[in-house]
Amino acid sequence: MSLSKYSKPTLNNPDLFRESAYIDGKWVKGTEDFFEVADPATGEVIARVPELPVSMVEEAIDVAYSAFKTYKNTSPRERSKWLRNMYNLMLENLDDLATIITLENGKALGEAKGEIKYAASYFEWYAEEAPRLYGATIQPLNPNNRVFTIRQPVGVCGIICPWNFPSAMITRKAAAALAVGCTVVIKPDSQTPLSALAMAYLAEKAGFPKGSFNVILSHANTPKLGKALCESPKVKKVTFTGSTNVGKILMKQSSTTLKKLSFELGGNAPFIVFEDADLDQALEQVMACKFRGLGQTCVCANRLYVHSSIIDKFSKLLAEKVNKFVIGHGLDPKTTHGCVINSDSIKKVERHKKDAIDKGAKVVLEGGRLNDLGPNFYAPVILSHVPATAIVAKEETFGPLCPIFSFDTMEEVVGYANDTEFGLAAYVFSKNVNVLYTVSEALETGMVSCNTGVFSDCSIPFGGVKESGFGREGSLYGIEDYTVLKTITIGNLPNSI
Ligand SMILES: NC(=O)c1ccc[n+]([C@@H]2O[C@H](COP(=O)([O-])OP(=O)(O)OC[C@H]3O[C@@H](n4cnc5c(N)ncnc54)[C@H](O)[C@@H]3O)[C@@H](O)[C@H]2O)c1
Ligand SMILES: O=CCCC(=O)O
């Protein structure tokens, strides 16, 4: 593994770099209260943004509520045009937007560019879906009634997002909401607010009307702001990506107004490699899946289950590949993998690592802190023959720890895979299509990915079951979550003439 350094960037369009909230089409400085945004790779402060008080969030909600009254009546074609503009603008500004992600999140620039393309694809997808919102005609039992359904926008949507995809987690919610005629109040994570603000700048250029796209900012005030969004009767839906614990808080708070909710929460993805799998393929794919964002994605493999007949060979080959990573500042072109978001991430990796080793796991790649690069740099760890009792079998690490468990039979591995309260993604590798199909059906997850470790795509329904949440984002289904279905009955019609 080699290490790399970087030199400080400048943006092609410095206007994308914003340090204010965005409410009603205006850049808002807030009160005197600020919080700092730091580059996790260097600790250097890169921005100071306003800590909004609850009163300003209420103002943003009022603005979005009032904008909804006209925005919902814009034509689907108009909305489609704004969404398409946004897609084009994101791609035109790809380098700058990716640089902002790398600066605030720490991921390697190549990955950040991939995220911008992925994020923009939701605007393209929903530009195409906006004019295609259908209802149904229904034949009721009463022959004198005629019944049909229409889909209408739910209203103001509160969007709360995490730091791991500062752009894509916002776009896959906001694009669907804006496509159907909802207005949005977006709250990015306080560690990565700059991507959301760059998008607000582009949303204005794309033509979205004032008040339809708002970004609020908070760090210390986050619980209060979250409560205000959840409890406001003017906000009709809260859509959240983040931890299961926070999801539970938001659900409780939203019960006061019985809000519509979509939650994309924690995962604990099993990655199962059967003995007949194409080993090279499984290795390539686990690299892409486990170490995407250095293990900090909700669909990263958290637990590898490798058949007992190949576990040692698999572990050794994986370690050889991981050893070729170039770890460094995400903006250095040589860097393949950046840093993790903060020191808590590293503490969790170390806690899971120590626990697994104490319980008998074998160290295949020691990994560990890379203090010469900075406090948030950590070389990946690979452990094999991890016992089922290890904490990592149950808890999501969300970092660069790759624990490999051994199994013998299909029934046994499905049992292990399902023995968790989470159910987001799962991966299965085998050349036998019967195995792929049977195991996919038996896995208790919202998504199963067979013979590939990379399945995220704007066209697929993305979401979980169990404590990984509910609701689907992306695809034709993603739009439904931002609508309400209305049934219209026309009665007392003659049966015939
Ligand atoms: N299922 C998915 O699609 C998906 C995607 C990304 C991350 N995640 C999950 O998110 C977790 C990692 O992210 P995290 O630890 O930053 O999540 P987190 O829940 O702490 O934070 C997510 C967002 O919620 C906000 N937040 C925190 N407390 C809040 C409160 N009381 N009220 C309102 N908002 C609040 C944060 O400021 C941030 O914007 C992991 O568990 C991961 O699996 C899930
Ligand atoms: O981290 C969660 C989202 C990951 C993805 O969309 O692939």
Side-chain angles (χ1 to χ4, degrees), residues 35 51 54 57 105 107 111 114-115 117-119 121-122 158-173 185-193 195-196 215-231 238-254 262-269 288-289 292-302 340-342 344-345 348 395-399 421-425 445-447 449 453-475 478:
F35 65 92
E51 172 89 70
V54 169
V57 174
N105 164 284
K107 67 176 73 171
E111 274 201 67
E115 177 179 345
K117 289 185 198 155
Y118 178 44
S121 74
Y122 285 98
I159 295 182
I160 304 178
C161 287
W163 49 265
N164 66 339
F165 286 87
S167 182
M169 294 305 98
I170 293 176
T171 63
R172 75 176 177 201
K173 298 173 193 317
V185 178
I186 298 165
K187 197 214 78 66
D189 191 279
S190 60
Q191 294 163 106
T192 56
S195 296
V215 180
I216 57 172
L217 301 169
S218 69
H219 174 57
N221 288 349
T222 291
K224 284 190 235 157
L225 264 58
K227 193 161 183 280
L229 279 175
C230 291
E231 293 186 348
V238 167
T239 167
F240 168 70
T241 293
S243 61
T244 296
N245 283 345
V246 172
K248 288 179 182 175
I249 295 171
L250 300 180
M251 191 162 184
K252 264 194 204 133
Q253 290 172 349
S254 298
S262 316
F263 285 172
E264 302 278 4
L265 308 175
N268 181 5
C289 174
R292 181 175 171 222
L294 266 187
Q296 302 173 108
T297 92
C298 56
V299 292
C300 278
N302 195 52
V340 298
I341 191 73
N342 57 36
D344 284 349
S345 263
K348 194 166 189 193
E395 251 184 47
E396 181 185 36
T397 309
F398 224 61
E421 69 267 32
F422 298 107
L424 191 60
T445 58
M447 299 169 289
S449 177
V454 183
F455 66 89
S456 298
D457 190 306
C458 62
S459 63
I460 66 155
F462 192 103
V465 296
K466 295 160 81 176
E467 292 199 14
S468 289
F470 43 79
R472 292 294 176 265
E473 297 187 329
S475 80

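Counting convention: from 1, in listed order, for ligands and their atoms alike. It should be emphasised that the depicted structure is a prediction, and the values quoted were computed from it without experimental measurement.
Without hydrogens or angle criteria, N105 side chain to W163 main chain gives a donor-acceptor distance under 3.5 Å. Of the possible polar contacts, none joining the E51 side chain to the F35 backbone as a donor-acceptor pair under 3.5 Å is found. Between the side chain of N342 and the backbone N or O of S345, at least one donor-acceptor pair lies under 3.5 Å. In terms of modelled atom types and a separation under 3.5 Å, the side chain of T297 and the main chain of V299 share a donor-acceptor contact.
Heavy-atom contacts of M169 reach the following atoms of ligand 2: 3 (C), 6 (O) (cutoff under 4.0 Å). Interface atoms of ligand 2 facing R292, defined by a heavy-atom separation under 4.0 Å, are 4 (C), 5 (C), 7 (O). The contact set between ligand 2 and T297, taken as ligand atoms under 4.0 Å from a residue heavy atom, comprises 1 (O).
Taking a 4.0 Å cut-off on heavy atoms, F455 fails to register as neighbouring ligand 2. The closest approach between any non-hydrogen atom of E264 and ligand 2 is not below 4.0 Å.
At the top of the distance list for atom 6 (O) of ligand 2, counting protein heavy atoms only, stands Y118 OH, 2.6 Å. When hydrogens are left out, the protein atom nearest atom 2 (C) of ligand 2 is C298 SG, 2.3 Å; that is the closest non-hydrogen contact.
The closest side-chain donor-acceptor pair between S459 and D457 falls under 3.5 angstrom. S262 and K173 form no side-chain donor-acceptor contact under 3.5 Å, judged by distance and modelled atom types alone.
The part of N164 lying near ligand 2 is the side chain, judged by heavy-atom distances below 4.0 Å.
The shortest N/O to N/O separation between S456 and ligand 2 falls below 3.5 Å. Not one N or O of F165 is nearer than 3.5 Å to an N or O of ligand 2, by distance alone.
Listed by chain and number, I160, C161, P162, W163, N164, R172, K187, P188, D189, T222, P223, G226, F240, T241, G242, S243, V246, L250, E264, L265, G266, G267, C298, E396, F398, L424, F462 each place a non-hydrogen atom less than 4.0 angstrom from ligand 1.
Here the CD1-OG1 distance, from I159 to T171, works out to 9.5 Å after rounding to the nearest 0.5 Å.
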**Prompt:** T192 and F165: side-chain contact (heavy atoms from CB on, under 4.5 Å), yes or no, with the steps?
**Reply:** CA-CA 9 Å; T192 56; F165 286 87; over 6 Å; no
Item to complete: Please lay out, stage by stage, how N164 and K107 fare under the test side-chain contact (heavy atoms from CB on, under 4.5 Å).
Response: CA-CA 9 Å; N164 66 339; K107 67 176 73 171; 5.9 Å; no
Margin query: Under the criterion side-chain contact (heavy atoms from CB on, under 4.5 Å), I'd like the reasoning laid out for N302 against F422: C-alpha separation, chi angles, the key distance, then a yes or no.
Written below: CA-CA 11 Å; N302 195 52; F422 298 107; over 6 Å; no
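Other residues, nucleotides and ligands contribute at most 12 non-hydrogen atoms within 6.0 Å of the NZ atom of K227.
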